[in-house]
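Chain letters run A, B, ... following the sequence lines, proteins first, then strands; residues in each count from 1.
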Amino acid sequence: MEKIRTLRGFRDIVGEDIERFGRIEDASRRYLDLLGFAEIATPVLESTDLFVRSIGDATDIVEKEMFTFTDLGGDSLTLRPEATAGVVRAYLQAGMYAKERISKIFTMGPMFRHERPQKGRFRQFYQVDVEVFGSDDPFIDAELLWMISLLLADLGVKKYTMEVNSVGCKLCREEFRTVLVSYFETKKDRLCEDCLRRLYKNPLRIFDCKNAQCIEVNSESPLLFDYLCTECGSHFNSFLSHMNGFGVPVTVNKRLVRGLDYYTKTVFEVTSDELGAQKAFTAGGRYDNLVEEMGGPKTPAIGFAIGMERLALIVGSGERPRKPVFFFAYLGEKAKAYLVPVTKAFIAQGLPIRYSYDGKSLKSQMRYADSLGADFVMILGDDEINRCIIVARNMKDKKQFELPLDPSEIAVELKRRIQK
RNA sequence: GUGGGUGUAGCUCAAUGGUUAGAGCAUCAGGCUGUGGACCUGGGGGUUGGGGGUUCGAGCCCCCUCACCCACCCCA
């Protein structure tokens with residue numbers, strides 16, 4: 001019979017991987033909590049329309065990467081390809097804008113994109129998603145990057161680059177777009193096929209092209225950065241000086257653009273050279289118009305997402321403090337009768353307890369105890385029962401001693417010994 | 001969607017076209033009847049990803065297919 005496997009781009013997260021995920025989640029929650037972010041959870045399945053309207057109908061995500069299907073009632077549903085749309089929807093649906101001036105929100109969970117898998121890229125991938133609603137103060141932009149730097153330091157990530165840029169507001173972007181299109185029109189013969197397609201659809205994305213000729217054309221192109229309106233320009237400068245105030249170094253990359261339509265002003269990417277082609281493991285930006293476009297009140301906002309499997313590839317190997325392990329080895333049915341009371345006593349003391357189910361030879365049970373990394377093994381057989389004692393063996397120094405056969409006394413005594 | 005690479009035991013990998021496809025690790029058992037961990041002995045575990053073809057003979061050569069990896073594309 002054919003073995004059933006995970007679908008392409010889907011995987012089980014086990015062992016070392018799930019430990020890394022756990023550390024990323026723990027550290028994220030810690031810093032987010034310290035800075036006043038509230039956790040929420042939103043559905044993985046939403047109306048297709050939500051994503052089309054927020055992400056932009058001409059983006060690659062919406063055009064060809066969504067897991068979209070029609071449900072039994074005939075509605076078009078989509079597995080979320082990113083988190084911001086759902087969080088904005090939740091923000092509006094719960095009326096948070098009326099309850100608090102600033103809403104700092106985060107959520108964690110799986111996202112889905114129908115792409116070809118490669119290093120650091122899966123069809124189901126996990127993100128820590130962080131959003132701040134209600135202010136366009138550039139201090140917040142800087143605060144978020146600072147928080148990311150704290151988190152990365154905590155996780156032992158040392159080599160990374162924070163690239164920042166401003167993509168302006170609607171006004172300056174419109175003006176720049178005409179300038180840019182007319183520039184590229186003069187260079188049409190040197191652009192690759194993809195960029196010719198992008199030219200009218202989304203000319204900013206030509207900056208992202210890795211084709212050698214296009215990079216050359218790009219190097220001489222006008223920059224949106226130089227066309228920022230006064231407000232956007234001073235917003236960006238203010239953001240940079242706040243970064244300086246936090247003491248977090250950033251690199252201005254005037255060609256940094258993003259793949260989602262809703263970004264305005266500040267955009268950023270945190271990259272690592274250790275990641276392969278998909279080197280951005282955290283990215284985000286400001287989106288001052290999205291909430292309003294989604295039918296809410298005018299609400300400036302900013303957010304970012306951490307790609308957990310990408311970050312997991314570069315987090316330092318952290319050793320969690322090891323918990324003590326106690327093992328109960330029993331010989332015969334009479335001894336096995338003590339399994340339940342002993343187990344209960346250890347759990348009551350908050351002590352991890354292990355045992356074999358088949359209770360084979362003592363040798364076998366000792367091997368098993370060793371493979372589990374047991375600190376103490378309790379040995380109980382007919383001899384001990386007759387003498388009303390239990391033998392405890394310290395697996396480190398190999399010293400054995402006897403304790404009265406009383407489960408809670410045993411647990412208390414061994415707890416005392418392990419704490420020394 | 002397009003390239004390139006790789007598919008042999010649970011894992012990491014061997015095997016000029018030629019016996020019954022091996023090794024290490026892992027696992028299980030034994031090495032005084034009741035005492036673990038770098039030792040010794042043994043056991044179990046494979047439709048060589050799948051399907052065709054060439055050949056006296058295919059893990060190996062050819063074709064198709066599937067999966068995984070890397071890259072393009074795109075993005076976290």
Q.
Is the positively charged end of A/R123 above the ring of A/F67, judged by distance under 6.0 angstrom from the centroid and angle within 45° of the axis?
A.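 Not satisfied by the 6.0 Å and 45° rule.
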**Q.** cation_pi(A/R258, A/Y263) dist<6.0 Å, angle<=45
**A.** yes
Check the distance between [N]'s [atom2] and [X]'s [atom1] and give it to me in whole angstrom.
| X | N | atom1 | atom2 | value |
| --- | --- | --- | --- | --- |
| A/F122 | B/C70 | CZ | C1' | 12 Å |
| A/E402 | B/G34 | CD | C1' | 14 Å |
| A/Y368 | B/G34 | OH | P | 20 Å |
| A/Q118 | B/U2 | CD | P | 16 Å |
| A/Y330 | B/U35 | OH | P | 17 Å |
| A/K363 | B/G36 | NZ | P | 5 Å |
| A/D375 | B/U35 | CG | P | 22 Å |

(Q) Regarding B/G1, can its base be found pairing with the side chain of A/E65 as donor and acceptor, where the two atoms are less than 3.5 Å apart? (A) no
Q. Ignoring hydrogens and angles, does a donor from either the side chain of A/Q400 or the base of B/U35 sit under 3.5 Å from an acceptor on the other?
A. yes
Looking across every strand, which nucleic acid part, if any, lies under 4.0 Å from [X] by heavy atom: base, sugar-phosphate, or nothing?
| X | answer |
| --- | --- |
| A/F327 | nothing |
| A/D129 | nothing |
| A/R113 | base |
| A/F125 | base |
| A/K119 | sugar-phosphate |
| A/E63 | nothing |
| A/G120 | base |

Q.
Ignoring hydrogens, what is the shortest heavy-atom contact between A/V248 and A/W146? Give both atom names and the distance.
A.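 Looking at all heavy atoms of both residues, the shortest contact is CG2-CD1, 3.8 Å.
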Distances under 3.5 Å only, N/O to N/O: pair up the protein atoms with those of nucleotides 48-50 of chain B.
none

Quick one: is [N] close enough that its OP1 or OP2 comes under 4.0 Å of any side-chain N or O from [X]?
| X | N | value |
| --- | --- | --- |
| A/R393 | B/G36 | no |
| A/R116 | B/U2 | no |
| A/S364 | B/A29 | yes |

Are more than 12 heavy atoms from other residues, nucleotides or ligands located less than 6.0 Å from atom [atom1] of [X]?
| X | atom1 | value |
| --- | --- | --- |
| A/D397 | CG | yes |
| A/D71 | CG | yes |
| A/K336 | NZ | yes |

Measure from the side chain of [X], starting at C-beta and using heavy atoms only, and say which of [options] lies closest.
| X | options | value |
| --- | --- | --- |
| A/A280 | B/G36, B/A71, B/A76 | B/A76 |
| A/K398 | B/A76, B/G36, B/C68 | B/G36 |
| A/Q278 | B/C28, B/A67, B/C72 | B/C72 |
| A/R8 | B/C68, B/G30, B/A76 | B/C68 |
| A/R121 | B/C73, B/G31, B/G34 | B/C73 |
| A/D370 | B/G34, B/G36, B/A76 | B/G36 |
| A/I379 | B/U35, B/A29, B/A71 | B/U35 |
| A/A277 | B/G31, B/A76, B/C72 | B/C72 |
| A/R367 | B/A76, B/A29, B/U35 | B/A29 |

Q | Intermediate values then yes/no, side chain to side chain contact (heavy atoms under 4.5 Å, CB included), A/L311 and A/T282 | A | CA-CA 8 Å; A/L311 180 51; A/T282 293; 5.5 Å; no
(Q) So if I apply the side-chain contact (heavy atoms from CB on, under 4.5 Å) rule between A/R286 and each of A/V132, A/I140, A/L144, which one comes out positive? (A) A/I140
Q.
Which is more 5' along RNA chain B, the nucleotide nearest A/K64 or the one nearest A/E384? Just name the residue.
A. A/E384
Q. Considering heavy-atom distances to RNA chain B, does A/K360 or A/A305 have its closest nucleotide positioned more toward the 5' end?
A.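 With A/K360 and A/A305 compared, the 5'-side residue is A/K360.
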Q: Counting Watson-Crick and G-U wobble pairs whose two distances are both under 3.5 Å, find the runs of 3 or more in a row that involve RNA chain B.
A: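 Result, WC/G-U stems under 3.5 Å: B:1-7 with B:66-72, B:10-13 with B:22-25, B:27-31 with B:39-43, B:49-53 with B:61-65.
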